[in-house]
Asks: 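Below is a structure I'd like to ask you about.
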Protein chains: 2
Amino acid sequence: MSNIAVERPAHRQVKMTEGFWAGQLYKIHQVTVWDVLEKFEKDHEEGIMKNYEWVIEGKGGRHVGPPWYDGLICEVIRGISDIIAVNFDEKLDKKIEAYAEIIAAAQEKDPDGYINTYTTLICPGKRWGGNGGSLIWQHETYNIGCLTEAGIHYYRATGKKRLLSCAVKAVNGMCNVMVPDPGTPGYPGKNIVPAHSLAEEAVIKLYCLFREEPGLSGDMEQEYGICVQPERYYRLVKFWMDHRGVHHDRYSMPHYMGEYSQDHCRITEQSEVVGHAVRAALMYTGLTALGIETEEADNSYLRAAVRLWDNMEHTKLHISGGIGAVHNEERFGYQYDLPNDAYLETCAGAALAFWAGEMHRAFGDGKYMDVLECAVMNNVLPCLSEDGTRYFYENPLISDGETERWSWHGCPCCPPMFLKIMGCLQDYIYGFSKGRVYVNLHMGSRYEGTMEGRDGSRLELAVEQTACGLPWKGTNRIVLHPQEKASFILAVRRPAWSGEMTVLVNDELADWPLEKGYFLIEREWQDADVVQISMELPAVKVEAHPFVTADAGRVALQRGPLLYCLEETDNPLGTDVLLGEGELKITDSALFGGISIIEGETAEGGKFRALPYYLWNNRGKGKMNVWIRQQKAGEVREERKEEAAGFAAHGAGTGAGETDLTGWEGRLYRRYDRNITFVPPKA
Amino acid sequence: MSNIAVERPAHRQVKMTEGFWAGQLYKIHQVTVWDVLEKFEKDHEEGIMKNYEWVIEGKGGRHVGPPWYDGLICEVIRGISDIIAVNFDEKLDKKIEAYAEIIAAAQEKDPDGYINTYTTLICPGKRWGGNGGSLIWQHETYNIGCLTEAGIHYYRATGKKRLLSCAVKAVNGMCNVMVPDPGTPGYPGKNIVPAHSLAEEAVIKLYCLFREEPGLSGDMEQEYGICVQPERYYRLVKFWMDHRGVHHDRYSMPHYMGEYSQDHCRITEQSEVVGHAVRAALMYTGLTALGIETEEADNSYLRAAVRLWDNMEHTKLHISGGIGAVHNEERFGYQYDLPNDAYLETCAGAALAFWAGEMHRAFGDGKYMDVLECAVMNNVLPCLSEDGTRYFYENPLISDGETERWSWHGCPCCPPMFLKIMGCLQDYIYGFSKGRVYVNLHMGSRYEGTMEGRDGSRLELAVEQTACGLPWKGTNRIVLHPQEKASFILAVRRPAWSGEMTVLVNDELADWPLEKGYFLIEREWQDADVVQISMELPAVKVEAHPFVTADAGRVALQRGPLLYCLEETDNPLGTDVLLGEGELKITDSALFGGISIIEGETAEGGKFRALPYYLWNNRGKGKMNVWIRQQKAGEVREERKEEAAGFAAHGAGTGAGETDLTGWEGRLYRRYDRNITFVPPKA
């Protein structure tokens, strides 16, 4: 029925139970969620919900915040919904319910179910680009996409349908405006493709929801008098995707979008990730989601998704899992253009994680989980301050000491995206295919539900991960609880960053086959079977591809899933030290409630100390650096860098000189110490 | 045989004889040409020709200037060739001949006729992107394209074939590497499309040259032992054009080009002018040239050219005829994004003029001549200082007083392009179709040659323009000298900037029909028939489309083909004065050997004085301004501008508010004083 390699469990079937991530989630739930709500409710003095109230009151002429504020509050609702779905919280539920009522009341003012407070309050004559309206500015599809997500997630969390009904009404409205319908005058509808992507995946989710819950359509019709038309939702997304780059009136818009909005050519011919990185990653997420739902012998959507992913992973992915190198227009740079003072917006990292999740669902390859984990750990988690109330928007890999987290921002887009990805992180931990259970992420958690057995029957099953020591210790313990004895495969991810990794089943060691980044443990399982995992977690130096001139002669420090950095406060010799060939030492530290730090010696015999990157800027202002100079062979590359930069205005190349690319095929980073046998697993 | 609406005369059939442009050309020939040669010969101390000498001597490891220096000196050769073709100059001819010998000798060192001194001297293993070579940096197709132009123009000027033989060899080499050939292993050749366009039009010209002179191929083969294959040249250009956006290994390059190099999608689906403005305009020139030579019922090249042209003219053309608003990457901005401190490189204006010339050849519409004339007058001519030895690269429409012409530049690309367009400006003055003679540009000049009569016979004919008073006075006198009495149409361009225009034939006034910007004078002509032209040349205020927020509440001053500006030295009240509704006065001035200036009153009753923009910065440093504040209705738009700018980081739209677009259809600028009946002619 669809191109799914690995099914995700339902959100409520998984719970983060212990360890590093459960702790993060607890803080987010107890502190950050309330902080974000309070700041939005006081935003621009009036508060974000004032927009809906003004629509209800029919008072035009003013609007709180930029046009995409409707979307932002809906993203917050989605994030909170996911959190309370597994840790119910009555106060938060009441809050969301009240928001839903206001949004619904505002929508009821419009006979077509159109909801975009900015347009209604400021330029009511300019819906959908009409009368000089700007699709790229007014964010209509984006806002409705966020509402759709909010409606679905809140329904899944609580069973309440009010907000979902708003989403359906609004999406129906988009279908009426845009969906090609040969039987309707004006075919093929209005040539609108989302200027800011997001709605693509959201509307596909809506389509899937009604397919998965066949009775829901009838309920919605009875309760809210709206007509649910899942096939039209699918066609809407397909229309959006197929018309990228060629929709008829795209160049009549005041602001043509082009590469900025991934609207420069047909999606099936796009070969490089370009433009605004958040829009891009959300577009590719929707593309992959559409590809999964599209039955075609030669699935051009998924082929494009793979091509774009590979281009991103091989040429444009910062070592932190961040994307979007360029401040100007928040966009991707050229290939291998990975400056250390890059933009790397939190939102882009979250969007990349969503994309990685969809790619994993389509292809079941552990490499997508490597990127998801890296982005969440080293590009998204750094967003939040230790106290849970301040936020990074940009996540550069070097700082002159002026960078600090914001308490709030004129465009507070990152806290909502942060809540969204954190709220659903648990959805990626486990996966299922026929006769197979995946453990994708090593995180203290519990799954309770069913799986499809080899013979197609449903088997009740619980899986738990207990005593997971990551990211500080390379240990984990998976306990299986099948309802009855059953043969199936447990696929345990072997992360790209792990060194030697042993997997014992009930204390038996075996040489499990490795496939697409997973150890495949095939046997007859019974209740309380234990899989004991032990990974080597060495501190390693990593170097970047020779084409990355910004990192020529430099290395970054990693341990397990964590990227490390040097902060000024720990390093009297400065943050741009010159490393020698000496060993790196891992030390326990009492900082931040207990973490591991990396220590070592500089080339001159001094000391340096590195902290996990996600924790930087929690002890006052100061310089920070990720890519550190490494003695040996670096000087030559530094020269080349300068030469290349000399003519940068004319689109500099990689400069001259012959470059040895042996061993770099298909990879952007690799371990620096080549005399050590460790090689990140690729199979 | 080809899609030509209006044929251009051969270069040597026309001569600038008198008036404004003859004076400019004289200065360029006597002063600027020698200045440019001297500076190139001393460039980086060693001089530009050292590269060829080092190749001859087999001394690698060093190169003078960036990789595109081969191209630049060839552009100079082309420009000089055009100049000496009509005003022969033995010293210059000797110089070029010597250059040709050195280039030829360098090329002879390579068995394949490959010639790119940077690659040969610095990275010989990296031809054509091989072994990590960078097509975008090494400029191989660009340099060979420039050599091709030089060879053709020098041959046409002098009949000498040595440099042409180098071009043929080099192009043959490109064909061997790239041209698709189903019979050859590795089909379809190497997937290279020019990263910096130019070669497209150059190679089309080579194809046309051998078609026009059938005996030349044999001569080349005999004298130089090279095989001339015109059909392959056509196929090479077609390959380049058809593979834009989709060539196989485009995304494996270290520097993918995308919009920057107009390689973001198939050319037939491109709908907006984007990327590096010089590359873009040269690409579109080649596209149009290819379209002209392509026999197809539904000519997709020309359709794309028209679509791109309209997009450029309606949304991205500065009032000076400059293109390429953005300093960063020297590229086009978004639609209607026309800041006054824009980049507007001289090279881009010259390239736009070339494109306009090709569009005119394909469609015969006077509107292309309007843009050609505007760009040359107000974006290219300003490049050169009054003394002929200093050069603007950027041509912004506002200056804080720090901008000055350069004596020379690290990337001296503009002086060669300047010489190229100035050297061939005369080619655009006249045009021919069956039974019709065009006077496209009102410039003191003489054509001597033939035309095709109505019955297809050749008629000998001379046409001269004498007593042309432009740009200062709206008078011109066209005298025809047909060898014998003959009926044909004389098409006289009615410029978009002209006010009332009368055309008397032998003192008889008539209401000549206007078609595509031309008065069509149909009659039986005989020797010494005189066409007397008189145009109203009012000083006018021009306003920009409401979407151009940079010019909201402002007007620019124009008179005839000239754009005017306020310089600090003439304006004690400053250059950003507030104009009132009072009249503009045209005054003669003795400055610069006699020009017309515009004077008027500010809203507060003070005086201001405006100078032709091309002359600014010839009297020392100082502030300059083109777009001046205009009392009346401006304030509202200023507010909108600020609002839009507020969220610029997120791709600002046009802001809110309802905008009246009546009367703006298909135009970017219009006369400000709406109570005056003058409307620029569109028919």
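Quick caveat, the model's predicted, so the values are computed rather than measured. Chain A is the first sequence line, chain B the second, and so forth, proteins listed ahead of strands; every chain is numbered from 1.
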Asks: Shorter than 4.5 Å, heavy atoms on both sides: which option in H63(A), H327(A), R266(A) has the most such pairs with chain B?
Replies: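 It is R266(A).
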
Asks: When the ring planes of Y334(B) and Y260(A) are compared, do they come out parallel, tilted or perpendicular, using 30° and 60° as the limits?
Replies: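 If you compare the ring of Y334(B) with that of Y260(A), the planes turn out perpendicular.
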
Asks: Over all heavy atoms of both residues, which pair between E329(A) and R331(B) is shortest? Give the atoms and the distance, please.
Replies: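 In this case the closest contact between E329(A) and R331(B) is OE1-NH2, 4.5 Å.
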
Asks: Which value, rounded to the nearest 0.5 Å, describes the distance between H264(B) atom NE2 and E259(A) atom CD?
Replies: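 So the NE2 of H264(B) and the CD of E259(A) are separated by 7.0 Å.
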
Asks: Would you give the length of the straight line joining atom SG of C265(B) to atom CD of E269(A), rounded to the nearest 0.5 angstrom?
Replies: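 Reported to 0.5 Å precision, the distance equals 8.0 Å.
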
